[in-house]
Novice: 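Here's a structure for you.
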Amino acid sequence: TAMLKIIKEQNLELNRIWRMQDQLYQTYATHCHLSSVSFWILYTLNEANEVYTQNILAEMWYFPRQTVNSAIMNLVKIGYIKLEQIQGARNSKAVILTEQGLNICKNIVTPLVNAELRALLKMSEEERQMFLELSNKQQRLLQAELNMIYQNEIINFDLINKEIQK
């Protein structure tokens, strides 16, 4: 049980670190007078050379589609982004930075990205690679464990339904 106590403490510390990391970004977005979702939309559009739709952005950052759609409508309203029809796609529109959006990204996204890069550069290549690999491994293992819970709930729910129907 000493091992279990250590693992529980490590788990708590990991969750605290991830929450703190999330809070760093939330605080930065708030400092820039943006919601977290709006910030991540601008961040993505500024950093990538790809075409993004509202659905792709929602899936990429694990935000609810409606939340992304609301953030996008707000960013359109304030003039940071525009929506353009994608050729050959009936319902999909590309989310694109406007000139004003590009300028705001230079002032708020670029400094953050530079801070992220400087922080990573203070780690060795080996540390960065290990950090990525272990973070991905932990996430995959946790997802597998949660999937087992979800499967068991379905089974338990089916058993409950059968009991109710008796």
Novice: Please name the pair of heavy atoms, one in Ser92 and one in Gln85, separated by the smallest distance, quoted to 0.1 Å.
Specialist: O-NE2, 3.4 Å
Novice: Output the distance between atom CD1 (Ile72) and atom CG (Leu45), rounded to the nearest 0.5 Å.
Specialist: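 Result: 7.5 Å between the selected atoms.
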Novice: More than 12 heavy atoms of other residues, nucleotides or ligands under 6.0 Å from CD of Glu126: is that the case?
Specialist: no
Novice: Give every residue pair that meets the side-chain hydrogen bond (donor to acceptor under 3.5 Å, both in side chains) criterion with at least one member in residues 98-114, sequence neighbours excluded.
Specialist: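 Listed by first then second residue: nothing to list.
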Novice: Leu112, Val37: one ILVMFWY side-chain cluster at the under-4.5 Å cut-off?
Specialist: yes
Novice: Are any non-hydrogen side-chain atoms of Cys105 and Leu97 less than 4.5 angstrom apart?
Specialist: yes
Novice: Quick one: closest heavy-atom pair of Val109 and Asn46, and the distance?
Specialist: CG1-ND2, 3.6 Å
Novice: Give, for atom CD of Glu125 and atom CG of Leu120, the distance between the pair rounded to the nearest 0.5 Å.
Specialist: 10.0 Å
Novice: Considering residues at least two apart in sequence or located in another chain, which fulfil the salt bridge (charged side-chain N to carboxylate O under 4.0 Å, His left out) criterion with Glu47?
Specialist: none
Novice: Closest heavy-atom contact between Phe39 and Ile108?
Specialist: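 Here Phe39 and Ile108 meet closest at CE1-O, 4.5 Å.
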Novice: With hydrophobic residues grouped by side-chain heavy-atom distances under 4.5 Å, do Val51 and Ile56 end up in a single group?
Specialist: no
Novice: Considering non-hydrogen atoms only, spot the tightest contact between Ala29 and Ser36 and give its length.
Specialist: CB-CA, 4.1 Å
Novice: Nearest 0.5 angstrom please: Asn55 CG to Lys93 NZ, how far?
Specialist: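 Spacing of CG (Asn55) from NZ (Lys93) equals 13.0 Å.
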Novice: Could you please spell out the steps behind the side-chain contact (heavy atoms from CB on, under 4.5 Å) verdict for Leu57 and Phe63?
Specialist: CA-CA 8 Å; Leu57 288 166; Phe63 290 124; over 6 Å; no
Novice: Identify the two heavy atoms, one from Lys82 and one from Val76, that lie closest to each other, and give their separation to 0.1 Å.
Specialist: CA-CG2, 4.4 Å
Novice: Apply side-chain contact (heavy atoms from CB on, under 4.5 Å) to the pair Val95 and Leu75, showing each step before the final yes or no.
Specialist: CA-CA 10 Å; Val95 182; Leu75 290 169; over 6 Å; no
Novice: Same cluster or not: Ile96 versus Ile86, using hydrophobic residues (I, L, V, M, F, W, Y) connected whenever any side-chain heavy atoms lie under 4.5 Å apart?
Specialist: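 In one cluster with Ile96: Ile86, no.
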Novice: Side chains of Tyr43 and Val113, heavy atoms from C-beta outward: is any pair under 4.5 Å?
Specialist: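 Yes; the side chains approach each other to less than 4.5 Å.
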Novice: Hydrophobic cluster mates of Trp18, side-chain heavy atoms under 4.5 angstrom, ILVMFWY only, any path?
Specialist: Leu14
Novice: Going through the checks in order, is the side-chain contact (heavy atoms from CB on, under 4.5 Å) test met by Thr53 and Glu59?
Specialist: CA-CA 10 Å; Thr53 63; Glu59 290 170 11; over 6 Å; no
Novice: Using modelled atom types only, decide if a donor and an acceptor are shared between the side chain of Arg128 and the backbone of Met123 within a distance under 3.5 Å.
Specialist: yes
Novice: Tell me, yes or no, whether the heavy-atom count around Met20 atom CE, taken from other residues, nucleotides or ligands under 6.0 Å, exceeds 12.
Specialist: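 Atom CE in Met20 is packed in, count exceeds 12.
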Novice: Same hydrophobic cluster for Leu117 and Tyr25, using side-chain heavy-atom links shorter than 4.5 Å among ILVMFWY?
Specialist: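 Yes, one cluster joins them.
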Novice: Among residues at least two apart in sequence or on other chains, which ones pass side chain to side chain donor-acceptor pair (under 3.5 Å) with Thr44?
Specialist: Trp61
Novice: Taking side chain as C-beta onward, heavy atoms only, is Met60 less than 4.5 Å from Ile41?
Specialist: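 Met60 does not reach Ile41 side chain to side chain.
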Novice: With clusters built from Ile, Leu, Val, Met, Phe, Trp and Tyr whose side-chain heavy atoms come within less than 4.5 Å, directly or transitively, what are the remaining members of the cluster of Met130, listed by chain and number?
Specialist: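 So far as hydrophobic clustering goes, Met130 is joined with Leu134.
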Novice: Do Asn147 and Gln151 get their side chains close enough for a donor-acceptor pair, meaning under 3.5 Å?
Specialist: no
Novice: Can Lys5 and Glu9 be counted as an ion pair, charged N to O under 4.0 angstrom?
Specialist: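 Result for this pair is yes, salt bridge flagged.
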Novice: Are Leu24 and Trp40 connected into the same hydrophobic cluster when the rule is that any two of I, L, V, M, F, W, Y join if their side-chain heavy atoms are below 4.5 Å apart?
Specialist: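 No, no single cluster joins them.
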Novice: Rounded to the nearest 0.5 Å, how far does CG of Asn74 lie from OG of Ser35?
Specialist: 7.0 Å
Novice: Can any side-chain N or O of Asn136 pair as donor or acceptor with the backbone N or O of Leu132 at less than 3.5 Å?
Specialist: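 Looks like yes, one N/O pair under 3.5 Å.
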Novice: Go through it in stages, so that I can follow the logic: the residues are Ile17 and Gln21, the test is side-chain contact (heavy atoms from CB on, under 4.5 Å), and I'd like the CA-CA distance, side-chain angles, deciding distance and then a yes or no.
Specialist: CA-CA 6 Å; Ile17 290 168; Gln21 179 88 344; 5.5 Å; no
Novice: With sequence neighbours left out, write down each residue that passes side chain to side chain donor-acceptor pair (under 3.5 Å) with Thr30, or none if nothing qualifies.
Specialist: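 If we apply the side chain to side chain donor-acceptor pair (under 3.5 Å) test to Thr30, skipping adjacent residues, the hits are Gln26.
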